[in-house]
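See below for the structure under consideration.
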Protein chains: 2
Amino acid sequence: MMTAMSTETDHVCDLGRCEACVIRHKGICNALNADELQVFRQIACRRVYAPGDVIVSGDSSEVFFAAVVTGVVKLTKLLSDGRQQIVGLLFPPDCVGRPFGKAGPHIVEAATDVELCCFPYGGFQRMLTDCSGLSQRLLGLTLDQLEEARDWMVLLGRKTALERVASLLLMLATRSAVPGGSPDAGPQPASFELHLRRAEIADFLGLTYETVCRQISALGKDGVIRLDGKRHFQVLDRRALAEIADVCP
Amino acid sequence: MMTAMSTETDHVCDLGRCEACVIRHKGICNALNADELQVFRQIACRRVYAPGDVIVSGDSSEVFFAAVVTGVVKLTKLLSDGRQQIVGLLFPPDCVGRPFGKAGPHIVEAATDVELCCFPYGGFQRMLTDCSGLSQRLLGLTLDQLEEARDWMVLLGRKTALERVASLLLMLATRSAVPGGSPDAGPQPASFELHLRRAEIADFLGLTYETVCRQISALGKDGVIRLDGKRHFQVLDRRALAEIADVCP
DNA sequence: CGATCTGTTGACGGCAGTCAAGTCAAGTGG
DNA sequence: CCACTTGACTTGACTGCCGTCAACAGATCG
């Protein structure tokens with residue numbers, strides 16, 4: 001598959017070559033030309049995390065910026081009595097952390113095996129000024145995340161438990177669909193792994209894990225989805241799922 | 001009060017002078033130097049709206065970008081059966097609309113008397129590329145909004161009705177505090193007008209308006225707040241309010 | 001084997017939604 | 001001026017969804 005142009009080391013080393021990176025033409029990296037990429041590569045540094053690893057915690061006085069290369073990153077916020085809410089799931093090529101000063105208290109955690117491309121804070125800040133397209137690109141990504149967050153606000157504020165679960169499954173089914181696949185032509189069997197525990201799903205949907213269980217069971221009984229094992233989902237009736245989720249496409 | 005430097009027309013005309021604008025040194029305008037401001041001023045156009053006026057509706061195929069100069073703008077999302085959720089309140093100098101293509105279906109509405117500084121879409125896009133600091137500044141604002149949206153997700157997903165109402169009142173009390181005032185030195189009587197109807201508060205908090213009423217009454221009975229009329233609130237015990245709201249400062 | 005973790009299902013109760021009645025203020029029209 | 005309407009708000013009674021508590025089933029591991 002990989003056309004081996006390089007006669008040099010073929011095993012992916014710490015930094016790898018940006019040109020071969022899976023997010024080279026996505027996210028912020030896509031805003032860079034070859035020369036700028038060179039600079040990027042010199043200040044960047046790859047890090048890997050196992051599921052459950054905490055990437056950043058506390059009130060993030062420690063500034064941090066990175067791009068998600070592979071895996072899923074979980075963004076959680078806490079109330080003082082322990083209640084918690086997942087406020088974002090980051091997929092490649094989303095970015096973690098924020099330029100320009102402080103953010104509120106988050107917990108940033110790896111939901112799956114995760115590979116990050118990390119940037120020293122000052123260096124990234126400089127790139128942001130030097131590379132004309134970079135901040136625009138990052139702005140675009142941030143606006144997308146804002147849009148997602150707002151859709152999630154509707155879910156949390158107004159949807160029933162069943163609608164919430166359906167919405168999540170539909171989102172994941174859509175996201176995990178092959179990007180090059182036919183645009184909603186075939187029935188699209190839509191099957192995917194959900195790496196989150198029931199409790200994490202609950203924290204994402206603003207429910208308890210018992211309620212999540214019940215609604216998943218309900219969707220199963222109605223023949224809308226099917227579970228193979230505990231975490232592998234199969235969408236049998238996508239249209240019904242979308243109708244329950246009340247998504248306005 | 002106003003030091004009349006200009007010997008010319010004193011009544012504020014359609015465009016006014018950017019130099020005298022209340023958001024000249026805030027928001028995106030602050031990223032511009034005098035020359036860039038000149039360009040901005042030539043493509044910009046002021047518009048005013050009355051409370052309840054719809055600024056943009058539908059799926060915003062009509063692209064639109066503007067800065068809020070005065071007043072409060074309401075961002076609403078709908079479900080197909082009429083349930084609705086306010087996903088954002090925009091105060092000066094926040095921005096309405098998004099560069100780079102489409103956003104989801106929103107309703108953008110004036111919550112109070114509103115004055116906007118509107119930009120033609122193409123012109124703003126060009127400015128974004130030409131003015132180096134502009135996209136960075138807009139990025140900063142967008143990141144702030146994202147942070148706010150995520151805090152709101154915690155409220156909608158995990159807080160009780162009483163906590164939600166307390167959180168809203170605390171936010172408004174904080175926002176309406178005199179910016180130059182003493183940083184939480186005195187008791188800060190914190191009194192403000194809430195221009196939203198009970199039903200709108202409910203749509204913001206993910207509750208029904210009856211529940212909002214009850215919780216406001218409860219806070220009143222406990223001596224935490226006081227109502228003068230229907231919409232003028234006075235925070236009597238800010239510490240208690242913050243404790244109820246469970247805000248981690 | 002027990003211990004622990006994750007997930008499922010049942011019984012019950014409470015918080016907030018639903019339905020409904022009533023108050024208050026402002027406007028309208030005779 | 002008064003009768004009436006309308007809209008925003010408040011309060012009460014009842015219901016239901018979802019949270020809480022609990023028991024149990026598999027799976028993994030030492």
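Per chain, numbering begins at 1; letters A, B, ... match sequence-line order.
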Atom-pair distance ([atom1] on [X]; [atom2] on [N]), nearest Å:
X: I216(A); N: dT6(C); atom1: CD1; atom2: P; result: 15 Å
X: L155(B); N: dA16(C); atom1: CG; atom2: C1'; result: 15 Å
X: R198(B); N: dT11(D); atom1: CZ; atom2: C1'; result: 13 Å
X: D203(B); N: dC9(D); atom1: CG; atom2: P; result: 12 Å
X: H195(B); N: dC9(D); atom1: NE2; atom2: P; result: 13 Å
X: K230(B); N: dG7(D); atom1: NZ; atom2: C1'; result: 12 Å
X: L205(B); N: dG17(C); atom1: CG; atom2: C1'; result: 15 Å
X: L227(B); N: dA8(D); atom1: CG; atom2: C1'; result: 13 Å

| message | Looking at every non-hydrogen atom in both residues, tell me the closest pair between T112(A) and G71(A) and how far apart they are. | response |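 That would be OG1-CA, 3.2 Å.
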According to side-chain contact (heavy atoms from CB on, under 4.5 Å), who are the partners of [X], at least two apart in sequence or on a separate chain?
X: C21(B); result: I23(B), R24(B), R46(B), V69(B)
X: T142(B); result: L139(A), T142(A), L143(A), L146(A), L138(B)
X: R197(B); result: E200(B), R231(B)

| task | Would you classify R231(B) as touching base, sugar-phosphate or nothing, given that sugar-phosphate means primed atoms plus P, OP1 and OP2, and contacts are heavy atoms under 4.0 Å? | result |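 Here R231(B) touches the backbone only, sparing every base.
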| So what is the end-to-end bend of the helix from dC1(C)-dG30(D) to dG30(C)-dC1(D), with 5 pairs used at each end and the value given to 10 degrees? |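 Between the axes fitted at each end of the helix from dC1(C)-dG30(D) to dG30(C)-dC1(D) lies an angle of 20°.
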| Distance test, side-chain N/O of R197(A) to OP1/OP2 of dT6(C), below 4.0 Å |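 For R197(A), the contact criterion (side-chain N or O under 4.0 Å from OP1 or OP2 of dT6(C)) is met.
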Between N or O atoms, less than 3.5 Å apart, protein on one side and nucleotides 16-22 of chain D on the other: list the pairs.
{"residue": "dC18(D)", "atom": "OP1", "partner": "A161(A)", "partner atom": "N", "Å": "2.9"}
{"residue": "dG19(D)", "atom": "OP2", "partner": "T208(A)", "partner atom": "N", "Å": "3.4"}
{"residue": "dG19(D)", "atom": "OP2", "partner": "T208(A)", "partner atom": "OG1", "Å": "3.2"}
{"residue": "dG19(D)", "atom": "OP2", "partner": "T211(A)", "partner atom": "OG1", "Å": "2.6"}
{"residue": "dT20(D)", "atom": "O4", "partner": "R214(A)", "partner atom": "NH2", "Å": "3.0"}
{"residue": "dC21(D)", "atom": "N4", "partner": "E210(A)", "partner atom": "OE2", "Å": "3.2"}

| query | Measuring from L141(B):CG to K26(B):NZ, what's the distance to the nearest 0.5 Å? | reply |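 Going from CG on L141(B) over to NZ on K26(B), the span is 12.0 Å.
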| query | In Å, rounded to the nearest 0.5 Å, how long is the span from CG of L155(B) to CE of M153(A)? | reply |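 Answer rounded to 0.5 Å: 8.5 Å.
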| query | Where do D203(A) and R158(B) land on the side-chain contact (heavy atoms from CB on, under 4.5 Å) test, with the steps shown first? | reply | CA-CA 9 Å; D203(A) 283 337; R158(B) 291 302 181 196; 3.0 Å; yes
| query | Is there a donor-acceptor pair closer than 3.5 Å between any side-chain N or O of K159(A) and the backbone N or O of A245(A)? | reply |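 Yes: the side chain of K159(A) pairs with the backbone of A245(A).
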| Considering residues at least two apart in sequence or located in another chain, which fulfil the ring pair (Phe, Tyr, Trp, His ring centres under 6.0 Å) criterion with F204(B)? |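 Ring pair (Phe, Tyr, Trp, His ring centres under 6.0 Å) list for F204(B), sorted by chain: W152(B).
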